[in-house]
Amino acid sequence: MQWPAASGEKSQVVCPLDVPLVCVVGPTASGKTALAQRIAERLNGCVLSADSMQIYRGMDIGTGKIAPADRTVPYYGLDVAAPGSAYSASLFQEYGRGVVLRAYEQGCRPIVCGGTGFYVRALVDSYDFPAGEQVGNPVRDAYNARIAECGCDAVWAELNQRDPASAALINAHDAKRVVRAFELLSEGTSYAEQHAKLHAIGVHFPVTMIGLQVDPEILRHRIDARVDQMVEDGLVDEVRSLLSEGLRDALTAHQAIGYKEIVQALDGAISLDEAISQIKFATHRYAKRQRTWFRKDKRITWICADRDNGEELLCRSLKIVDTDEKRYGKGCA
RNA sequence: GGUCGGGUAGCUCAGUUGGUAGAGCAGGGGACUGAAAAUCCCCGUGCCGAGGGUUCAAGUCCCCCUCCGACCA
């Protein structure tokens with residue numbers, strides 16, 4: 001996997017900014033939001049959340065969305081979509097890039113707060129998503145139905161007939177990607193073709209990436225405490241009210257950790273205690289995947305957030321931002 | 001005190017007629033171009049409670065001890 005060069009290399013920059021775009025990344029419960037907000041306060045900026053679930057209106061407690069009363073700077077990327085709608089990385093790319101450019105125009109510095117690695121990359125790197133039906137894609141529906149009927153392996157075998165290059169890149173059990181491969185074929189491209197571009201991806205915005213690193217054991221305890229707090233704060237009621245708005249049929253929102261489990265508890269399939277412990281375990285695994293995703297991005301400067309020491313984290317972050325700006329400034333001159 | 005269960009991987013447990021152990025969960029690692037909090041791939045040595053005995057060979061049979069649970073007193 002190739003990663004774009006450091007932000008200082010201007011030649012690759014498609015859409016140059018005056019200064020690098022600051023991104024705070026890291027696993028869930030690492031303290032991204034608090035740090036991003038503090039940085040935004042200092043830099044006279046705003047926060048752009050890059051989070052596939054906080055994007056949904058009404059999903060507040062379970063996604064760890066910062067409460068309106070606690071917001072000290074303008075926020076973007078929250079409550080952008082209805083929970084029933086299907087959002088995506090490409091929609092976020094379009095939205096997020098608009099936010100970034102508008103903010104710079106207005107002299108407000110956006111600070112990206114990213115939990116969804118794919119969204120951050122779609123925003124910041126030169127991903128080029130092919131055109132096609134975004135919602136209610138008939139190809140997607142058709143192949144999902146086929147997989148439900150014949151099993152994923154059989155449908156993968158069919159893909160292997162039509163497009164062996166793509167099939168070779170996709171595991172025969174990976175239903176999401178098998179379906180996506182057929183979608184891409186219907187759009188005149190292929191999974192293999194798109195995948196090949198990964199190795200040559202450039203940067204769209206120059207970035208300063210700050211990663212919050214927390215010892216896994218400490219993070220696990222923090223997650224558990226946070227889940228208990230969410231339940232105390234009324235997660236069950238939130239899910240109940242989302243159900244009345246059609247959460248059950250929501251393609252994406254229904255997959256959110258903390259929501260799908262509570263839905264099961266409300267249905268009586270599992271007890272509330274079981275749901276709570278499942279939410280904790282699912283969140284641990286999610287944090288592990290986030291760690292894996294961000295770990296390979298060499299642009300990230302990691303800072304230790306084992307302890308909740310906001311001032312220290314802010315100082316270190318501002319230093320990183322400052323250093324990067326100087327380097328970038330030099331590159332431009 | 002007596003009877004019966006049971007003590008095997010961090011947890012819940014499998015382990016066939018004796019051939020030195022294996023699942024699920026948890027955990028770890030990895031992949032990822034329009035669902036990404038999704039989806040998928042890889043990773044299991046543990047005094048088989050302690051001690052003794054039978055046997056070429058014991059998690060598995062016998063004895064004894066110990067701990068937990070249930071029942072009877």
Side-chain angles (χ1 to χ4, degrees), chain A residues 1-3 27-29 49-56 59 62-65 81 85-95 114-137 139-141 143-144 147 152-153 156 166 169-184 186-187 189-202 204 216-217 219-220 223-224 227 230 250-261 274 277-297:
Chain A
M1 168 61 52
Q2 293 285 316
W3 285 87
T28 185
S49 159
D51 185 301
S52 67
M53 294 301 167
Q54 291 192 359
I55 202 100
Y56 289 113
M59 295 177 72
T63 63
K65 198 181 287 174
S85 69
Y87 209 75
S88 72
S90 87
L91 287 172
F92 179 77
Q93 178 182 62
E94 194 184 340
Y95 166 83
T116 305
F118 192 30
Y119 278 27
V120 175
R121 282 207 76 188
L123 172 73
V124 145
D125 297 335
S126 59
Y127 269 64
D128 201 12
F129 296 113
E133 284 297 323
Q134 192 75 232
V135 191
N137 188 318
V139 176
R140 177 177 301 191
D141 294 344
Y143 280 96
N144 274 330
I147 284 176
C152 192
D153 291 39
W156 178 87
S166 294
L169 294 169
I170 299 170
N171 186 280
H173 306 305
D174 196 341
K176 293 258 163 82
R177 291 197 170 77
V178 170
V179 171
R180 181 67 188 140
F182 279 106
E183 271 177 53
L184 288 165
S186 78
E187 287 159 17
T189 175
S190 77
Y191 185 88
E193 207 174 297
Q194 295 303 118
H195 190 269
K197 291 201 237 163
L198 268 178
H199 299 282
I201 256 177
H204 185 82
E217 185 71 32
L219 190 68
R220 236 175 285 140
I223 286 168
D224 291 350
V227 170
M230 284 174 180
L251 288 94
T252 310
H254 187 67
Q255 301 177 335
I257 295 170
Y259 293 84
K260 55 186 170 199
E261 294 85 357
E274 277 167 341
S277 86
Q278 279 183 27
I279 292 169
K280 289 174 180 171
F281 290 136
T283 310
H284 300 165
R285 289 197 305 272
Y286 169 48
K288 183 163 71 72
R289 270 175 277 130
Q290 287 175 305
R291 233 180 292 144
T292 301
W293 180 281
F294 291 121
R295 191 147 41 197
K296 66 186 174 185
D297 192 334

Exercise. Determine whether the side chains of Gln290(A) and Thr28(A) contain a donor N or O and an acceptor N or O closer than 3.5 Å.
Key: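 Result is no, nothing qualifies.
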Exercise. For Glu187(A) and Pro130(A), indicate whether the former's side chain and the latter's backbone hold a donor-acceptor pair under 3.5 Å.
Key: no
d([atom1], [X]; [atom2], [N]) in whole Å:
X	N	atom1	atom2	answer
Phe92(A)	A35(B)	CZ	P	14 Å
Tyr286(A)	C40(B)	OH	P	17 Å
Arg291(A)	C32(B)	CZ	C1'	18 Å
Arg285(A)	C41(B)	CZ	C1'	15 Å
Glu187(A)	U33(B)	CD	C1'	12 Å
His173(A)	C40(B)	NE2	P	9 Å
Gln278(A)	G27(B)	CD	P	12 Å

Across the strands shown, which category fits [X] at heavy-atom distances under 4.0 angstrom: base, sugar-phosphate, nothing?
X	value
Thr252(A)	sugar-phosphate
Gly258(A)	nothing
Arg289(A)	base
Thr283(A)	nothing

Self-check item: Aromatic plane relationship, Phe118(A) with Phe129(A) - under 30° parallel, 30 to 60° tilted, over 60° perpendicular
Solution: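 Perpendicular.
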For [N], which nucleotide is its Watson-Crick or G-U wobble mate, given both distances must be under 3.5 Å?
N	result
C13(B)	G22(B)
G46(B)	none
G5(B)	C68(B)
C61(B)	G53(B)

